[in-house]
**Q** 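There's a structure below that I have some questions on.
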Amino acid sequence: MQDLLDSALARIHAAATTEDLEAVRVEVLGRKGVLTQLSKDMGKLAPEERASRGKFINTAKQAIETAYEGRRSEFERAALAQRLDAEWVDLTVPAPGVRPGSLHPITQIQWEIEDLFRSMGFSVLDGPEVETEFHNFDALNIPPDHPARDMQDTFWLEGGYLLRTHTSSVQVRGMEKLGPPLRMIAPGRVFRNESVDASHEHTFYQLEGMMIDRNVSVGNLIYFMKTLLTAIFKRDVTVRLRPGFFPFVEPGFELDIRCLICGGAGCPVCKQSGWVELLPCGLVNPHVLRLSGIDPAEWNGFAFGLGLTRLVMMRYAIDDIRWLQSGDLRFLRQF
Ligand code: FA5
């Protein structure tokens with residue numbers, strides 16, 4: 001009888017499929033199974049044999065059931081592992097044939113500059129592209145007959161509105177809304193009705209900056225401009241500061257960068273001059289502060305208007321501004 005138990009256990013362990021396993025179970029424990037038959041035959045035994053037979057049957061039944069359950073859960077685990085293997089999907093694998101998109105180089109640099117200025121306590125402001133004449137011109141000390149208006153050919157809209165010609169309009173909104181002390185930058189799209197060439201677009205990006213506080217000096221302005229250019233170019237770049245005229249700053253400067261396309265030798269981007277106008281800036285004209293309700297006896301500040309599109313051209317040595325809005329994927333895939 002011990003043989004019966006041993007062989008049943010061996011067959012259970014050796015069962016290669018659930019069907020084999022089930023067959024052993026039925027053969028041994030089933031209604032007509034060997035052990036069941038042995039139990040039924042107990043009545044035929046002499047009483048002294050019955051006890052030991054009963055004990056054996058119970059022990060054997062328990063051992064077989066335990067072995068059966070163990071083997072059955074092995075089969076279940078293997079089936080589950082097989083199913084998981086078959087169904088496993090890596091959701092991070094890019095779909096075949098689909099190229100992931102990327103951020104436009106202007107957006108990349110804009111975000112870099114935003115992070116830099118945020119780390120120096122500046123807020124990032126947004127303003128409307130459709131502007132009032134007041135915010136784009138008058139509040140910046142550019143009245144209707146002022147020659148500076150001619151320098152920024154304007155797309156006029158109905159009702160006296162216009163497409164903003166520069167992000168300086170957001171300076172005005174920042175001063176009106178937040179008041180002094182103020183540290184803000186305002187990146188955005190601007191529009192000018194001018195003919196397009198290698199360095200001029202009708203639609204391009206600027207990034208305005210303004211700081212208003214007590215005792216702000218040209219030294220503060222130069223410090224922030226240097227920090228900005230060092231962070232963007234990550235190397236020494238040659239710049240020059242020359243007087244610049246903008247009615248909303250006094251004194252005003254033009255900060256030019258040595259052309260990184262030609263190294264200063266002259267090319268269409270720098271109009272053969274070796275220098276690219278990049279960063280006009282200056283100390284805010286007291287009259288502009290007054291127009292926005294800020295007392296110039298107590299407060300002063302600096303402002304700058306970075307040519308963001310041109311900065312991107314210099315950073316990546318892009319030799320024609322028209323690439324940037326071309327939508328040409330061969331160009332965009334490089335970034
Ligand atoms: C202005 O727009 C002033 N609002 C800047 C300013 C702000 C001065 C605060 C002082 C204080 P400007 O017209 O020079 O200035 O334009 C600023 C920059 O925009 C230029 O240096 C140049 O880099 C860029 N820019 C101007 N016109 C174009 C154009 N058509 N295409 C691409 N970039 C341009």
Side-chain angles (χ1 to χ4, degrees), residues 106 109-110 113 127 131 135-137 139-142 146-155 162-175 182 184-212 216 218 221-222 224-225 228-229 232 239-257 259-261 268-271 273 275-285 287-289 300-315 318 320-325:
I106 295 182
I109 304 265
Q110 178 188 317
I113 300 176
E131 258 302 0
H135 287 94
N136 197 81
F137 289 128
L140 289 161
N141 197 27
I142 317 177
H146 199 286
R149 286 210 183 187
D150 300 337
M151 285 156 54
Q152 298 187 357
D153 289 333
T154 308
F155 288 111
L162 51 84
L163 291 180
R164 68 176 175 197
T165 58
H166 53 182
T167 42
S168 298
S169 52
V170 192
Q171 280 185 25
V172 179
R173 292 184 177 275
M175 286 189 284
L182 174 65
M184 53 147 282
I185 58 165
R189 196 160 57 149
V190 302
F191 310 84
R192 293 186 193 177
N193 187 6
E194 56 182 307
S195 34
V196 171
D197 61 26
S199 57
H200 291 84
E201 263 287 7
H202 49 71
T203 303
F204 58 100
Y205 287 80
Q206 288 187 340
L207 188 140
E208 198 75 10
M210 180 178 236
M211 175 174 167
I212 296 185
V216 175
V218 174
L221 168 64
I222 291 173
F224 281 102
M225 300 303 91
L228 167 62
L229 293 176
I232 293 302
V239 296
R240 70 177 185 191
L241 203 61
R242 57 190 169 89
F245 173 70
F246 303 92
F248 36 97
V249 287
E250 180 56 40
F253 306 102
E254 285 282 6
L255 194 150
D256 303 336
I257 182 169
C259 181
L260 296 174
I261 309 291
V269 172
C270 60
K271 296 228 165 55
S273 72
W275 296 94
V276 176
E277 266 183 28
L278 194 64
L279 196 48
C281 51
L283 294 187
V284 183
N285 188 318
H287 188 49
V288 169
L289 295 176
N300 73 334
F302 68 72
F304 62 89
L306 171 70
L308 188 56
T309 308
R310 290 224 185 126
L311 179 79
V312 172
M313 291 176 75
M314 290 299 111
R315 159 99 170 240
I318 298 166
D320 196 312
I321 198 168
R322 286 164 284 204
W323 281 115
L324 287 155
Q325 292 192 122

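All ligand and atom numbering here is 1-based and tracks the order in the structure. All values derive from a computational prediction rather than experimental measurement.
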**Q** Thinking salt bridges, do Glu201 and Arg310 make one under a 4.0 Å N-O criterion?
**A** no

**Q** What atoms of ligand 1 come within less than 4.0 Å of a heavy atom belonging to Gly305?
**A** 5 (C), 6 (C), 7 (C), 9 (C), 17 (C), 18 (C)

**Q** Would you check whether Glu208 reaches within less than 4.0 Å of ligand 1, judged by its heavy atoms?
**A**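 Yes, that is the case, since the closest heavy atom of the residue is under 4.0 Å from the ligand.
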
**Q** Which of the atoms of ligand 1 are close to Glu194, meaning less than 4.0 Å from one of its heavy atoms?
**A** 30 (N)

**Q** Mark yes or no for whether Asp256, through its side chain, and Arg240, through its backbone, hold a donor-acceptor pair below 3.5 Å.
**A**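 Checked: no pair found.
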
**Q** Could you tell me the residue and atom name of the protein heavy atom closest to atom 22 (C) of ligand 1, and the distance to it rounded to 0.1 Å?
**A**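 The protein heavy atom lying closest is Arg310 NH1, 3.3 Å.
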
**Q** Report yes or no: does Arg189 contribute a side-chain atom to a donor-acceptor pair with the main-chain N or O of Phe204 at less than 3.5 Å?
**A**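 No; judged by distance alone, with no hydrogens or angles, the pair does not exist.
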
**Q** Quick one: does Gln171 get an N or O within less than 3.5 Å of an N or O on ligand 1?
**A** no

**Q** Give the contacting part of Phe304 toward ligand 1: side chain, backbone, both or neither, where contact means a heavy-atom distance below 4.0 Å.
**A** backbone

**Q** List the closest protein heavy-atom neighbour of atom 17 (C) of ligand 1: residue, atom name, distance to the nearest 0.1 Å.
**A** Gln206 NE2, 3.3 Å

**Q** Identify the protein heavy atom lying closest to atom 15 (O) of ligand 1, giving its residue, its atom name and the separation to 0.1 Å.
**A**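 Checking every protein heavy atom, the shortest distance to atom 15 (O) of ligand 1 gives Phe246 CE2, 3.4 Å.
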
**Q** Arg192 to ligand 1: N or O pair under 3.5 Å?
**A**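 So ligand 1 has an N or O lying under 3.5 Å from an N or O of Arg192.
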
**Q** Counting only nitrogen or oxygen atoms and a 3.5 angstrom limit, does Glu254 reach ligand 1?
**A** no

**Q** Identify, by atom number and element, the atoms of ligand 1 in contact range of Ser199, meaning under 4.0 Å from any of its heavy atoms.
**A** 31 (N), 32 (C)

**Q** Would you check if Leu306 and Ile113 make a side-chain contact, meaning some heavy-atom pair closer than 4.5 Å?
**A**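 The answer is yes; the side chains approach within 4.5 Å.
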
**Q** Taking Pro187's backbone N and O only, do any of them form a donor-acceptor pair with Glu208's side chain (distance below 3.5 Å, no angle check)?
**A** no

**Q** Checking a contact table here: which protein heavy atom is nearest atom 3 (C) of ligand 1, and how many Å away?
**A**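 Here the nearest protein heavy atom works out to Phe248 CZ, 3.8 Å.
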
**Q** Applying ring-ring contact (aromatic ring centres under 6.0 Å, His included) to Phe302 and Phe224, what does each step give before you reach the verdict?
**A** CA-CA 10 Å; Phe302 68 72; Phe224 281 102; 5.6 Å; yes

**Q** Residues in salt bridge (charged side-chain N to carboxylate O under 4.0 Å, His left out) with Asp197, at least two apart?
**A**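 Salt bridge (charged side-chain N to carboxylate O under 4.0 Å, His left out) list for Asp197, sorted by chain: Lys271.
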
**Q** Taking all atoms of both residues into account, what is the closest heavy-atom pair of Pro247 and Ile142, and its distance?
**A** CG-CG1, 3.8 Å

**Q** Is it the case that the side chains of Asn193 and Thr154 hold a donor-acceptor pair, with the cut-off being a distance below 3.5 Å and no angle test?
**A**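 Short answer, no.
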
**Q** Kindly confirm or rule out an N or O of Thr165 lying under 3.5 angstrom from an N or O of ligand 1.
**A** no

**Q** With atoms numbered from 1 as shown, which atoms in ligand 1 lie under 4.0 angstrom from a non-hydrogen atom of Leu278?
**A** 21 (O), 23 (O)

**Q** Hey, does Val249 have a side-chain heavy atom less than 4.5 Å from the side chain of Asn285?
**A**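 Asn285 vs Val249: side chains apart.
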
**Q** Taking atom 5 (C) of ligand 1 as the point of reference, which of Ser169, Pro280, Ser195 owns the nearest heavy atom?
**A** Pro280

**Q** Identify the protein heavy atom lying closest to atom 24 (C) of ligand 1, giving its residue, its atom name and the separation to 0.1 Å.
**A**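 Answer for atom 24 (C) of ligand 1: Gly307 CA, 3.8 Å.
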
**Q** Relative to the heavy atoms of Ile321, which atoms of ligand 1 are at a distance of less than 4.0 Å?
**A** 31 (N), 32 (C)

**Q** Under 3.5 Å, N or O to N or O, is Glu277 touching ligand 1 that way?
**A**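 Among all N and O atoms of Glu277, at least one is under 3.5 Å from an N or O of ligand 1.
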
**Q** Tell me, which protein residue and heavy-atom name are nearest atom 31 (N) of ligand 1, and how many Å apart are they?
**A** Glu201 N, 3.1 Å

**Q** Is there a nitrogen or oxygen of Thr309 sitting under 3.5 Å from a nitrogen or oxygen of ligand 1?
**A** no

**Q** Answer yes or no: is there a side-chain heavy-atom contact under 4.5 Å between Arg164 and Gln206?
**A**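 No, too far: nothing below the 4.5 Å cut-off.
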
**Q** Can you confirm if the aromatic rings of Phe246 and His166 lie within a centre distance of less than 6.0 Å?
**A**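 Centroid distance His166-Phe246: not below 6.0 Å, so no.
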
**Q** Looking only at protein heavy atoms, which one is nearest to atom 27 (N) of ligand 1, and what is the separation?
**A**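 The closest heavy atom on the protein side is Phe204 CZ, 3.4 Å.
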
**Q** Please report the interatomic distance CE(Met314) to SG(Cys270), rounded to the nearest 0.5 Å.
**A**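 Going from CE on Met314 over to SG on Cys270, the span is 7.5 Å.
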
